[in-house]
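Predicted model only: the values in this text are computed from it and were never measured. Hydrogens, waters and symmetry mates play no part in the numbers below; they use all other heavy atoms, side chains included. Chain letters run A, B, ... following the sequence lines, proteins first and then strands; every chain starts at 1.
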Amino acid sequence: MKVRIKFNKTGAMKFVGHLDTMRYFQRAIRRAGIDISYTAGFSPHPIMSFALPLGVGVESEGEYFDIQVNSSLSSEQSIKLLNEQMADGVQILSYKKLPDETKKAMSLVEAADYILLLREGYTIPDNFSEILDNFYSQQKIMIIKQTKKSEREIDIKPLIFKMNFSENGIFMRLKAGSVDNIKPDLVLEALYKFIGQSMPKFAFLIKRQELYTIDQDNRLLPLSLTGEEVL
Amino acid sequence: MNKLALPDEILLSIDKSARYIGNEINSVKKDLSSVSIRFAMCFPDVYEIGMSHLGIQILYAMLNEREDIYCERVYSPWVDLDKILRDKNIPLFSLETQSPIKDFDFLGITIQYEMCYTNILQILDLSHIPLLTKNRTINDPFVIGGGPCTYNPEPLADFFDLFYIGEGETVYFELMDCYKEWKSSEKNNDRKAFLKKASQIPGIYVPSLYTVKYKKDGTIDSFVPIDNSIPSTIKKQVVMNVTDTYYPTKPVVPYIQAVQDRVVLEIQRGCIRGCRFCQAGTIYRPTRERDVSILKKYAQELINNTGFEEISLSSLSSSDYSSLNELITYLISDFKTKGVNISLPSLRIDAFSLDVMSKVQDIKKSSLTFAPEAGSQRLRNVINKGLTEDDIIDGASKAFDGGWTRVKLYFMLGLPTETEDDIKGIAWLSEKIAKKYYEIPKDKRKGKCQIVASSSFFVPKPFTAFQWAKMNRRDEFLQKAYMVNDEFKIQLNKKSLKYNYHDADTTILEGVLARGDRKVGQVILNAYKKGCIYDAWSEFFDFGKWTAAFEEEGIDMDFYIFRERSLDEIFPWDFIDIGVTKEFLKEEWQKANNEIITENCRSKCSGCGAAVFKGGVCFESKN
């Protein structure tokens with residue numbers, strides 16, 4: 001049986017990197033007594049895959065991974081058992097059964113919501129909201145993307161689905177997943193370049209809010225709405 | 001969650017910031033207002049190394065069992081954070097409450113290897129604690145050292161208020177009670193009053209209460225307490241019943257990968273073998289086994305409480321544990337289906353160990369390890385390494401039949417009485433193993449074999465039969481390594497053989513620090529002030545700075561390493577009573593020079609003196 005688990009990651013836990021987070025969950029699952037399936041061979045691994053890596057320093061309210069289990073208690077009981085094993089700053093938010101034919105979470109991800117909150121002691125220009133609107137209303141937003149081998153100029157405008165400024169900070173809905181994934185700091189950098197300033201490092205605390213897939217009608221669907229409760 | 005000591009800006013600018021955030025699974029949380037003693041436990045190396053150490057986990061869990069004590073952890077900040085802490089004058093902090101180390105009552109430092117000595121000064125300095133005990137005030141924590149290097153604590157005597165000599169399970173609570181008593185007495189503004197009180201506890205050594213006088217030749221003339229109330233010898237502490245003592249079955253689980261990223265099941269303490277170069281083999285005598293039924297129970301609890309995917313057995317020589325077969329059979333049958341790997345270090349290679357290894361490891365990926373330590377039988381007799389050439393060839397041959405093709409061999413160069421044949425013997429023995437492999441018909445073997453021999457340079461250690469021995473000079477070491485290397489090149493199966501050797505400069509320094517006296521302390525301080533830290537890390541070790549420090553302090557390295565000590569010399573560590581007597585070690589030193597072996601503790605008691613602890617292997621047959 002396939003299960004999709006949603007969790008958050010806040011506070012000090014934002015400094016725990018992706019691979020370490022995977023290891024953290026493998027161990028939490030063993031402590032919680034979840035009946036996870038293992039690969040065969042001399043060093044068996046629990047069958048588990050994460051939807052989208054989260055960078056070090058980024059908080060999240062919507063992270064996902066899928067696991068394969070041999071048997072399962074109810075969603076409610078499983079969430080309780082897992083939450084008893086969580087460190088401060090991580091909570092299990094949902095535990096849902098997936099149809100067997102579901103593809104890996106990683107290949108389903110289409111978009112991600114982010115909120116960028118101004119850290120204490122940093123300022124932004126007074127007319128930031130206006131700047132942001134002007135920036136987003138450009139026809140094209142060209143940036144130089146560096147890869148390991150080369151650097152190339154790309155237009156990121158089609159990858160920014162939504163962008164606005166609220167009291168809380170900058171909201172962005174960005175293309176995400178295994179193709180054309182863009183990170184919010186890249187957009188932020190382009191924004192500061194647009195106003196002729198260099199991006200103040202560390203000015204914003206980045207928080208991922210949700211991950212989306214698309215449904216049959218090409219509409220974005222939060223990953224948490226896929227699957228069903230185990231009763 | 002506690003507020004972090006470091007702001008996000010710093011944590012996002014350094015490597016592996018998860019080293020500094022605490023909050024790990026099984027880390028202990030307490031209300032500071034409800035505790036009366038705050039203890040900071042430190043391993044003076046980077047987090048990933050320190051978190052791999054069982055001793056700290058034992059003491060951490062043990063101290064935290066008491067409601068009135070809160071033990072937290074601290075490790076050496078990596079060089080990137082070290083610089084930031086200095087530049088911004090941020091005090092070093094504990095992981096649990098993220099609060100300054102200077103605010104603690106005790107700073108306990110485990111001293112596992114000589115090359116961490118400058119890191120100890122780094123810890124003190126970054127904590128804003130005066131480096132020298134004599135400059136500390138009532139506002140500073142008491143700095144206490146423990147671990148194997150405290151069997152010669154003298155090079156560190158100026159930096160530590162106290163040392164705990166021996167195993168931590170025995171008198172720590174007594175020490176803590178003594179502290180509470182002092183704290184509530186009217187003398188609580190007099191550090192020395194506490195130290196004097198503490199010096200009455202067995203195993204506690206307060207270096208400032210002893211005076212050392214030297215002879216003209218630089219050797220020790222006398223080592224005496226400042227007054228009659230202070231004990232003149234310090235008896236090492238040992239837990240005689242290792243089954244009914246504390247065991248940390250809820251060890252802290254790190255977020256980042258530790259060097260030993262697994263749970264550790266300590267099956268016994270001590271070793272029956274009596275290798276003459278080995279300090280662990282004497283200071284942890286007598287050998288004491290843990291009951292197998294409690295080990296099975298601990299194994300379950302450890303995995304359930306941590307979720308680790310691997311369990312490792314720990315001891316100096318696992319094959320000598322009497323219920324090993326029963327334990328391993330249990331672990332394999334219980335864990336194999338649960339995705340938990342079993343790792344079995346320090347096993348003697350024989351039919352049994354090969355059988356269990358084939359069950360727990362992938363033969364194609366794993367290699368077999370032998371530690372002959374010396375290249376010839378003659379020299380193996382000198383060092384009392386009870387492993388014969390037949391054992392090795394026979395073990396390797398069985399392993400080849402079982403499908404293994406890779407063998408690792410460990411040797412030492414610079415052992416006492418070493419000859420050219422002993423040195424070249426390293427290559428010859430390796431060749432013999434390879435030859436054995438190619439005796440297998442071509443259609444039955446799997447391609448080539450790979451024999452990797454590594455050598456380290458021998459460092460004489462206190463409380464060993466070789467504590468009188470002189471060490472080789474740097475150039476001698478290197479010439480010997482080149483000789484081995486050349487000999488490898490002319491072997492028939494040279495393409496299947498590989499040889500590596502250890503760095504000679506670190507060995508020289510290790511040699512000085514291992515058998516150093518109090519005078520060496522000023523050199524450590526000088527080297528630290530020159531910028532030496534992380535000496536155990538080759539990328540940071542700067543021998544030039546160290547040699548300059550020795551010169552500036554007028555201390556001659558050769559005095560400590562290139563000098564055979566006379567049998568009546570007073571050693572800096574003679575005031576410590578480890579049970580094993582100096583007389584026994586002298587006999588062993590003489591037997592070594594005459595190539596006479598000594599039997600292991602189980603086959604025949606050699607009367608080393610450890611029977612004074614009234615237990616363990618010394619009394620096995622008499623039960």
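With chain A as partner, the option from B:Lys338, B:Lys359, B:Glu310 having the largest number of non-hydrogen pairs under 4.5 angstrom is B:Lys338. In terms of non-hydrogen atom pairs under 4.5 Å with chain B, the most contact-rich of A:Gln26, A:Arg30, A:Met86 is A:Arg30.
Using a 3.5 Å distance cut-off with no hydrogens or angles, the side chains of B:Glu9 and A:Tyr122 do pair a donor with an acceptor.
Looking at B:Ile256, the atoms closer than 4.5 Å to chain A (heavy atoms on both sides) sit in the backbone and in the side chain alike. When heavy atoms are compared at a cutoff of 4.5 Å, B:Asn305 approaches chain A solely by way of its backbone atoms N, CA, C and O.
Remark: the backbone N or O of B:Asn304 is not paired with any side-chain donor or acceptor of A:Arg31 at under 3.5 angstrom.
Note that the CZ atom of A:Phe204 and the CG atom of B:Asp8 stand 14.5 Å from one another [nearest 0.5 Å]. Annotation: the span from A:Gln85 atom CD to B:Thr306 atom OG1 amounts to 10.5 Å, rounded to 0.5 Å.
Heavy-atom minimum distance, B:Leu12 versus A:Val56: CD2-O, 4.0 Å. Contact between A:Pro44 and B:Gly339 at its shortest, heavy atoms only, is CG-CA, 3.8 Å. Residue A:Ala87 comes nearest to B:Asn23 through the heavy atom pair CB-O, 3.8 Å, listed as atom of the first residue, atom of the second, then distance. Nearest heavy-atom pair across B:Ala18 and A:Phe15 is CB-O, 3.7 Å.
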Only distances under 3.5 Å count here; give the side-chain donor-acceptor pairs of residues 246-254 of chain B to other protein atoms, sequence neighbours excluded, each with its distance to 0.1 Å.
unit_1, atom_1, unit_2, atom_2, d
B:Tyr247, OH, B:Val264, O, 2.6
B:Tyr247, OH, B:Glu266, N, 2.9
B:Thr249, OG1, B:Glu301, OE1, 3.4

Throw together a table of side-chain donor-acceptor distances under 3.5 angstrom for residues 186-201 of chain A, partners on residues two or more places apart or in other chains.
none

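For NZ of B:Lys30, the number of neighbouring non-hydrogen atoms (other residues, nucleotides, ligands) closer than 6.0 Å is greater than 12. For A:Lys175, the NZ atom sits in a packed shell: over 12 heavy atoms of surrounding residues, nucleotides or ligands are nearer than 6.0 Å. The environment of A:Asn70 atom CG is dense: over 12 non-hydrogen atoms of other residues, nucleotides or ligands sit within 6.0 angstrom.
Taking the charged nitrogens against the carboxylate oxygens, B:Lys16 and A:Asp20 have no contact shorter than 4.0 Å, which rules out a salt bridge.
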